[in-house]
*Asks:* 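Got a structure for you, questions after.
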Amino acid sequence: MSYIPTNHKEVIKRGWTGLDVIFVSGDAYIDHPAFGVPLLARLLESHGFRVGIIAQPDWRSKEAFMTLGRPKLFFAVSAGAMDSMVAHYTPARKLRHDDAYSPGNRRGARPNRATMVYTSRLKEAFKDLPVIIGGIEASLRRFAHYDFWENKVRRSILFDAKADLLIYGMAERAILEVAERMRNGELIGNIRDVRGTAYNAATIGIGPALTVPSFEEISTSKENFAEAFRLEYLEQNPFSGRAIVQKHGNRMLICNPPSLPLEEPEIDAVYALPFEKSPHPSYSEPITAWEQIKTSITSHRGCFGGCAFCAITMHQGKIIQSRSKSSILAEVTSLTRKAWFKGSISDIGGPTANMYGLNCANTVAMKACQRESCLFPAICPNLNTSDKSAVSLLREVRSLSGVKHSAVSSGVRYDLLEKQNSYFSELTAHHVSGRLKIAPEHLVDHVTDIMRKPGRKLFESFCARFREQSYRIGKRQYIVPYLISGHPGCTLDDMFELAVALKKMGIKVEQVQDFTPTPGTIASCMFYSGLDPMSGKSVYSAVTDREKGLQKSLLLWHLPAERSKAMVALKELGRERDAGLLWGNENRDKNVSKKCFES
Ligand code: SF4
C-alpha cells in the first residue's frame with residue numbers, strides 16, 4: 001500500500017529527505033482519480049517529483065501548513081472538488097450541516113474561501129515560496145466575477161489570494177510543465193506562457209490577446225459585466241482562443257489560452273497511475289464522497305451540451321476527451337479485485353454519459369468553433385453522434401468476470417439519444433438500475449430555451465419511447481426527472497405551468513434544485529446582469545429568497561410541508577381558483593406515463 005505522503009513519517013519511509021511539491025487540499029485525501037489533487041499528485045510523482053499532500057489543515061494558524069516542511073519548488077492549493085462557498089451554503093445562503101468530502105460527513109473541516117485562506121497561511125509560513133492555486137474554486141473565479149454570497153462583483157481570485165500563478169481547467173499539462181520548468185531552474189515569475197494558467201502583471205507583454213472590460217468597469221456597469229463574460233466564454237476554444245487581459249486597478253490579469261485536450265494515450269496514462277482507490281488509512285470514519293464514487297468509472301471528460309447553468313465549458317471544456325476502451329476495461333478489472341467490490345459498477349460515464357467517444361467530425365470547423373453548444377438549438381450537422389464506441393464499451397464492461405451489474409447513473413442527453421438507438425437499447429435493457437436520471441430541468445419552452453435545453457416536446461417523446469421500450473423488454477423501470485426552480489427566465493407563472501404539466505404526466509418530484517448563481521456560468525451572468533450575454537436580451541430572474549422559495553414550493557406542492565407556501569404562490573399569481581389543477585384529480589391524464597414515473 002503506497003499513498004502519497006501526508007506526514008513526516010511517510011516522507012521518511014519513502015527514503016526522502018524533503019519534497020518538491022506539496023498540495024494543500026480542502027478535501028480529505030482519497031487516493032482516487034475522481035479527485036483532482038490526488039490525480040495531479042500521482043501525475044507529478046510519476047514524473048519523478050517528490051510529492052506530499054496536506055489535507056484539510058487547521059487554517060487558524062500557519063503550523064498545520066508546515067508539517068511537511070518547505071518544498072523545493074512550490075505549494076499547490078485547491079479548495080477541493082467544490083467551490084468552498086457552494087460546499088458550505090445552501091442556495092438560500094443557509095449553512096449546510098454536512099460535508100461529503102470530509103470524514104464522518106462533518107462540516108467545518110475547511111474555511112470559507114479556502115483558496116484564499118490557505119494561500120495566506122502559506123505565505124505567512126514560507127514568505128518567498130511560490131504558491132500556485134487551482135481546482136474548481138480558483139478556475140471558475142479566474143476572472144473578475146459575481147459572488148452570490150456577498151452579492152457583489154469580486155476581483156479575480158488570483159488578486160485576492162495573492163498567489164503566484166493560477167491554473168485553470170483540467171490541470172495535468174499545465175502543472176507538469178510548470179513543475180518541470182521550475183525543476184530546471186526557471187523562476188515562477190518568468191513562467192508566463194503556459195496554456196491553462198493566469199497571472200498578475202504590470203504590463204501585457206504577450207502575443208495576441210483580447211482585452212475585456214476591467215474589474216472596475218464590470219463592477220459599475222451590468223452591460224460591461226455581460227460583455228466581459230461573453231468575450232471570456234467565447235475564447236474557451238483551446239485551438240483558437242486568445243489570451244485574455246483584464247485590468248484590475250493598475251495591474252493586469254493575464255489569462256493564457258486553455259490547455260489543449262489530452263490525447264487518448266495521455267488520458268489513459270493518467271488513469272493507469274497507481275491509485276489506491278480508497279481514502280488514506282489515517283481516516284477512521286467513512287467519507288461519503290468516496291462511498292458515492294468508489295465503484296464508478298470515468299469514461300471521458302468534457303461536455304458539448306452548453307447548458308446555461310453549468311460551468312463545464314469554462315472548466316473541462318466542450319471537447320470530449322475519451323479514454324480508450326482497453327483503459328476503462330483495465331480499471332474495471334482492477335476494481336473487481338478489491339476486497340470491498342461486490343460486483344456492481346455504480347456508473348460508467350462522464351459529465352454526460354452518452355457523449356463517450358463523440359467528437360466534432362469537421363476538424364477545421366471545430367478548431368474555430370465558438371458555438372456554445374453542439375446540441376442546442378439543434379444538433380450541429382458536424383457532430384459525430386455515432387454510439388458505436390459507447391455501446392461496445394457497455395457490452396464489454398458487463399461481460400467482464402466479476403461484474404454482476406453495471407449502471408449508467410451519470411446524466412444522459414435525451415436529444416442526443418434520439419440519434420443513438422443502439423445506446424438507448426443497451427441502456428434501457430441493462431444499465432438503468434430501476435431509475436433513469438433525466439434532466440429536462442424545466443418544461444416551459446421559453447425557459448428551456450434560456451437554459452439551452454431541449455424543450456417539453458422532446459421530453460415527452462423520450463418518456464414515451466422509454467416507456468414503450470421498458471414494456472417491450474419486460475422491465476419495471478422509471479424516469480427520475482431533475483428540475484431547477486428559480487432559473488433566470490423563469491417566473492412564478494412558468495413554475496405553475498411546469499407544476500401543472502408534471503401533474504398531468506403523473507410526476508411528483510421529491511427534490512428540486514434551487515438555482516444557485518455560481519461563478520462561470522451563463523445563467524449566473526444573467527442572474528446578476530439581467531442580460532443574456534450572448535443575445536444581449538433582457539432576462540428576468542427571481543432574486544429574492546422569498547420568490548425563489550415560492551417557485552420551489554410550486555414544484556413540491558404535493559408535500560404537506562410545502563402546501564401553504566404553494567398556496568401563497570397561487571394567491572400571488574391570482575390563481576387560487578386553479579388550485580384544483582394541482583390538488584384535484586381533474587388534471588390527471590390517465591393515458592400518460594403511468595408506467596413511466598414513480599408517484
Ligand atoms: S462545428 Fe458543430 S459539432 Fe463542431 S464543435 Fe462546433 S458546434 Fe460542435
Side-chain angles (χ1 to χ4, degrees), residues 3-4 6 23 25-46 51 53 55-56 76 78-84 86-87 99-103 105 109-110 134-137 139-140 169-172 175 262 266-281 283 286-303 310-312 315-317 320-324 327-336 338 340-341 344-353 355-356 393 397 406-411 437:
Y3 289 82
I4 301 286
T6 60
F23 285 85
S25 171
D27 291 342
Y29 170 29
I30 302 168
D31 197 44
H32 192 288
F35 304 99
V37 164
L39 184 146
L40 296 173
R42 287 291 183 196
L43 178 73
L44 291 184
E45 180 192 45
S46 73
V51 186
I53 294 179
Q56 302 189 313
S78 165
M82 291 172 79
D83 184 289
S84 55
V86 179
D99 184 339
Y101 297 88
S102 297
N105 215 16
R110 82 173 83 67
I136 286 281
E137 183 166 281
S139 181
L140 297 180
M170 305 306 276
E172 289 98 339
I175 200 164
L262 295 182
E266 294 173 307
I267 194 164
D268 283 358
V270 168
Y271 283 86
L273 293 169
F275 298 99
E276 293 290 345
K277 298 278 178 68
S278 51
H280 188 273
Y283 300 117
I287 302 172
T288 307
W290 180 64
E291 302 293 339
Q292 286 166 346
I293 58 89
K294 68 183 185 182
T295 61
S296 82
I297 303 290
T298 302
S299 56
H300 61 283
R301 297 175 176 173
C303 180
C310 178
I312 281 192
H315 186 68
Q316 294 194 355
I320 303 299
Q321 300 164 66
S322 299
R323 297 169 62 189
S324 68
S327 159
I328 294 169
L329 295 177
E331 186 182 350
V332 177
T333 304
S334 81
L335 195 59
T336 60
K338 297 281 178 198
W340 40 259
F341 184 72
S344 281
I345 305 281
S346 60
D347 186 29
I348 307 164
T352 305
M355 290 185 187
Y356 175 73
L393 175 68
V397 166
S406 54
V408 172
S409 47
S410 295
K437 287 184 215 154

*Asks:* Looking at K437 and G411, would you say the former's side chain and the latter's main chain have a donor-acceptor pair under 3.5 Å?
*Replies:*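 Not at all, since once roles are kept as given, no pair shorter than 3.5 Å links the two residues.
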
*Asks:* Which value, rounded to the nearest 0.5 Å, describes the distance between S322 atom OG and L262 atom CG?
*Replies:* 11.5 Å

*Asks:* Q56 side chain to G26 main-chain N or O, any donor-acceptor pair under 3.5 Å?
*Replies:*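 Side chain of Q56 to backbone of G26, a donor-acceptor pair under 3.5 Å: yes, one is there.
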
*Asks:* Strictly distance-based, threshold 3.5 Å: is any side-chain N or O of Y283 a donor or acceptor partner for the main-chain N or O of S102?
*Replies:* no

*Asks:* With a 4.5 Å limit on heavy-atom distance, are the side chains of D27 and V37 in contact?
*Replies:* no

*Asks:* Considering all heavy atoms of both residues, which atom of I287 and which atom of A100 are nearest to each other, and what is their separation?
*Replies:*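 Nearest heavy atoms, I287 then A100: CG2-O, 3.5 Å.
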
*Asks:* Answer yes or no: is there a side-chain heavy-atom contact under 4.5 Å between I345 and L335?
*Replies:* yes

*Asks:* Answer yes if the side chains of S324 and Y271 hold a donor-acceptor pair under 3.5 Å, and no otherwise.
*Replies:*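 Note: S324 and Y271 side chains miss the donor-acceptor criterion.
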
*Asks:* Please check: side-chain N/O of Y356 versus main-chain N/O of R323, any donor-acceptor pairing under 3.5 Å?
*Replies:* yes

*Asks:* Could you check whether any side-chain heavy atom of L39 comes within less than 4.5 Å of a side-chain heavy atom of F275, counting everything from C-beta outward?
*Replies:*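 Side-chain contact under 4.5 Å: yes.
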
*Asks:* Can a side-chain donor-acceptor contact be found between S346 and T295 if the only test is distance below 3.5 angstrom?
*Replies:* yes

*Asks:* Distance from T6 atom OG1 to H280 atom NE2, nearest 0.5 Å?
*Replies:*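 If we round to the nearest 0.5 Å, T6:OG1 and H280:NE2 are 3.5 Å apart.
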
*Asks:* Ignoring hydrogens and geometry, is there a side-chain-to-backbone donor-acceptor pair from S25 to A55 under 3.5 Å?
*Replies:*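 Not a single qualifying donor-acceptor pair exists.
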
*Asks:* Taking S78 for the side chain and G80 for the main chain, is one N or O donor matched with an acceptor at less than 3.5 Å?
*Replies:*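 Yes, the answer is positive, given that a donor and an acceptor are paired below the 3.5 Å cut-off.
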
*Asks:* At their closest point, which heavy atom of L140 faces which heavy atom of A311, and how far apart are they?
*Replies:* CD1-CB, 3.5 Å

*Asks:* Pick from F35, Y29, W340: which one makes a ring-ring contact (aromatic ring centres under 6.0 Å, His included) with W290?
*Replies:* W340

*Asks:* Is any side-chain heavy atom of E172 closer than 4.5 Å to one of L40?
*Replies:* yes

*Asks:* For the residue pair S278 and K338, establish whether any side-chain heavy-atom pair is separated by less than 4.5 Å.
*Replies:* no

*Asks:* Please report the closest heavy-atom contact between A353 and S410, naming both atoms and the distance.
*Replies:*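 Between these two residues, the closest heavy atoms are CB-CB, 3.9 Å.
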
*Asks:* Would you indicate whether the side-chain heavy atoms of D347 and I297 approach each other to under 4.5 Å?
*Replies:* no

*Asks:* Measure the spacing between CD of E291 and CD1 of I30 and express it to the nearest 0.5 Å.
*Replies:*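 E291 CD to I30 CD1: 9.0 Å, rounded to 0.5 Å.
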
*Asks:* Does R301 use its side chain to pair, donor to acceptor, with the backbone of Q316 at less than 3.5 Å?
*Replies:* no

*Asks:* Given side chains that start at C-beta, do those of M170 and H315 come closer than 4.5 Å, heavy atoms only?
*Replies:*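 Side-chain contact under 4.5 Å: yes.
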
*Asks:* Which atoms form the tightest heavy-atom contact between I136 and A81, and what is the distance?
*Replies:*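 Shortest heavy-atom contact: CG1-O, 3.6 Å.
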
*Asks:* Using modelled atom types and a 3.5 Å cut-off, is there a donor and acceptor pairing between side-chain atoms of H32 and backbone atoms of P38?
*Replies:* no

*Asks:* Distance from M82 atom CE to R110 atom CZ, nearest 0.5 Å?
*Replies:*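 Rounded to the nearest 0.5 Å, the CE-CZ separation comes out at 8.0 Å.
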
*Asks:* OG of S46 to CG of L273: how many Å apart, nearest 0.5 Å?
*Replies:*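 The CG atom of L273 is 5.0 Å from OG of S46, to the nearest 0.5 Å.
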
*Asks:* Treating E276 as the side-chain partner and D31 as the backbone partner, does any N or O pair qualify as donor plus acceptor under 3.5 Å?
*Replies:*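 Not confirmed, E276 side chain does not pair with D31 backbone.
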
*Asks:* Calculate, to the nearest 0.5 Å, the distance between atoms OH and OG belonging to Y101 and S84 respectively.
*Replies:* 13.0 Å

*Asks:* Is the closest side-chain heavy-atom distance between I4 and R42 below 4.5 Å?
*Replies:* yes

